[in-house]
Amino acid sequence: MSAWLPIAPCTPGDCVTVAGRRVGAARRVLRVAACLAVLLVGVAATPVVRVVRWLPAERLVRCWARLLLAALGVRVRPTALPGRQVGGSLLVANHVSWLDILLVAAVRPGRMLAKTEVGRWPVLGPLTSWGGTIFIDRDRLRALPDTVEQIASALRRGERVVVFPEGSTWCGRGGGRFRPALFEAAVRADVPVQPLTLRYRAGGAPTTAPAFVGDDGLLPSLWRVVSVRGLVGEVEFLPQLPPALFPGRRHLAAATQRVVDRHRYPSTITHPTEQPVRVPAPRPRADVAH
């Protein structure tokens with residue numbers, strides 16, 4: 001593990017709880033089986049969708065992601081969803097769980113940025129690779145500039161790219177600092193940053209059950225998710241931030257975090273190990289700093 005990698009203090013034992021009513025064991029098994037079936041359909045269909053250009057790929061991705069979430073017992077609730085937009089954009093969200101990827105895809109699909117380990121996961125690995133995911137090797141700092149340029153190139157082509165700049169998952173009660181490196185891609189491509197706030201509720205109350213933190217395993221996390229009754233994933237779209245209004249990527253990253261944090265649960269804006277972000281008011285600039 002590289003020393004520069006962000007590490008969240010959240011652990012499954014201390015931060016993750018499944019409060020409220022749970023579904024029975026039979027329903028949990030049915031949910032897991034339905035999840036596997038939808039995943040296999042996605043694996044089989046993805047190469048066809050990539051080859052047959054006239055298929056409505058984005059609509060199919062949204063439907064598939066919603067179907068997979070429904071199989072897991074998760075309902076999607078988008079808020080302030082903007083209309084259809086032209087051109088590239090960098091979608092930036094807080095990071096709680098592997099469910100985050102499905103939540104965003106169910107509402108506004110885009111090319112995901114994921115760690116290289118995801119590409120080696122069974123079933124999900126090939127699916128994410130075929131879906132155009134951009135992989136980042138978090139153990140090799142030297143590879144970061146190439147990844148940033150790959151994202152910038154996709155943005156220049158008018159694509160949407162989804163990133164989680166905290167660099168690690170947090171339980172939802174708090175969050176990490178937004179690393180500014182990925183914001184450089186939006187600066188270079190001169191495309192807006194679209195902040196998103198992701199939240200999870202069960203029975204109307206905030207829940208940490210979907211959190212995928214610390215040494216948590218994928219299978220225990222999956223079993224915990226399918227055990228929750230009435231799990232809702234909320235995706236709130238916030239006002240876009242044009243890079244031209246900020247002196248550079250660090251100010252852009254800090255301003256984005258300030259917007260995202262403001263819409264988290266009021267009592268969970270920062271973690272005790274994190275310092276609140278103080279951002280000066282954005283000011284116009286003549287050129288884009290690289």
Side-chain angles (χ1 to χ4, degrees), residues 31 33-114 118-119 121 123-135 150-151 153-164 185-186 189 191-200 210 222 225-226 231-240:
R31 285 180 173 180
C35 170
L36 290 175
V38 176
L39 278 174
L40 291 176
V41 169
V43 170
T46 298
V48 178
V49 174
R50 287 176 61 86
V51 171
V52 184
R53 298 295 181 180
W54 54 265
L55 288 174
E58 183 171 318
R59 184 180 303 174
L60 290 173
V61 170
R62 284 202 309 268
C63 292
W64 176 84
R66 285 178 177 267
L67 187 60
L68 184 54
L69 287 168
L72 293 168
V74 183
R75 186 159 57 93
V76 184
R77 182 183 294 161
T79 305
L81 178 64
R84 185 175 181 84
Q85 298 171 334
V86 179
S89 60
L90 186 70
L91 275 63
V92 177
N94 56 301
H95 204 9
V96 178
S97 170
W98 49 271
L99 280 175
D100 299 346
I101 297 173
L102 295 175
L103 274 183
V104 177
V107 179
R108 189 54 57 91
R111 295 187 65 179
M112 297 286 177
L113 178 70
V118 173
W121 285 0
V123 184
L124 281 177
L127 189 62
T128 54
S129 299
W130 293 337
T133 297
I134 300 172
F135 291 104
Q150 189 177 356
I151 297 172
S153 297
L155 295 174
R156 293 188 193 101
R157 292 193 298 268
E159 300 177 12
R160 286 191 297 268
V161 180
V162 183
V163 301
F164 303 99
V191 301
V193 170
Q194 172 65 73
L196 308 173
T197 296
L198 307 182
R199 299 181 294 263
Y200 294 93
L222 173 64
V225 167
V226 299
L231 183 59
V232 177
E234 299 179 342
V235 187
E236 183 173 3
F237 284 75
L238 305 167
Q240 290 187 343

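Just so you know, these numbers come straight off a predicted model, no measurement behind them.
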Check: Is there side-chain contact between P82 and Q194, with heavy atoms separated by less than 4.5 Å?
Finding: yes

Note to self: Can you tell me how far apart CD1 (I134) and CZ (R111) are? Round to the nearest 0.5 Å.
What the structure shows: 4.0 Å

Note to self: Working to the nearest 0.5 angstrom, can you tell me the gap between R160 CZ and E58 CD?
What the structure shows: 4.0 Å

Item checked: Non-hydrogen side-chain atoms of P78 and R108 separated by less than 4.5 Å -> no

Item checked: Close side-chain approach of F237 and L196, heavy atoms under 4.5 Å -> yes

Next item on the list: Measure across A105 and M112 and return the closest heavy-atom pair with its distance rounded to 0.1 Å.
Entry: N-CE, 4.2 Å

Next item on the list: Please tell me if the side chains of L99 and L69 come closer than 4.5 Å, counting only heavy atoms from C-beta onward.
Entry: yes

Notebook entry, point to check: side chain to side chain contact (heavy atoms under 4.5 Å, CB included) with A34: which residues, sequence neighbours excluded?
Noted result: A71

Check: Does R62 reach the main-chain N or O of P109 with its side chain, forming a donor-acceptor pair under 3.5 Å?
Finding: no

Item checked: A189 versus L155, closest heavy-atom pair with distance -> CB-CB, 3.7 Å

Next item on the list: Report the distance from atom CG of L91 to atom CD of Q240, rounding to the nearest 0.5 Å.
Entry: 8.5 Å

Check: Could you state the interatomic distance from CG (L39) to SG (C35), rounded to the nearest 0.5 Å?
Finding: 4.5 Å

Checklist line | Side chain to side chain, V235 and L198, heavy atoms closer than 4.5 Å | finding: yes

Item checked: Where W64 and V38 come nearest, the two heavy atoms and their spacing -> NE1-O, 2.9 Å

Next item on the list: Compare all side-chain heavy atoms of L72 with those of R31 and state whether any distance is below 4.5 angstrom.
Entry: no

Note to self: Tell me the closest heavy-atom pair linking A154 and V161, and the distance in Å.
What the structure shows: CB-CG2, 4.0 Å

Note to self: Test: salt bridge (Lys or Arg N to Asp or Glu O under 4.0 Å). Region: residues 68-82. Which pairs qualify, not counting sequence neighbours?
What the structure shows: R77-E234

Next item on the list: Quick one: list whatever passes salt bridge (Lys or Arg N to Asp or Glu O under 4.0 Å) with R66, sequence neighbours left out.
Entry: none

Notebook entry, point to check: Which atom pair, heavy atoms only, marks the closest approach of P210 to V225?
Noted result: CA-CG2, 4.1 Å

Note to self: Would you say CZ of R59 has more than 12 non-hydrogen atoms from neighbouring residues, nucleotides or ligands within 6.0 angstrom?
What the structure shows: no

Item checked: CD1 on I151 to CG on L90, rounded to 0.5 Å -> 7.0 Å

Item checked: Spacing of CD1 belonging to I101 relative to CG belonging to L68, to within rounding of 0.5 Å -> 11.5 Å

Margin query: Show the nearest heavy-atom pair for residues G233 and Y200, with the distance to one decimal.
Written below: CA-CD2, 4.0 Å

Next item on the list: Please tell me if the side chains of V96 and F164 come closer than 4.5 Å, counting only heavy atoms from C-beta onward.
Entry: no

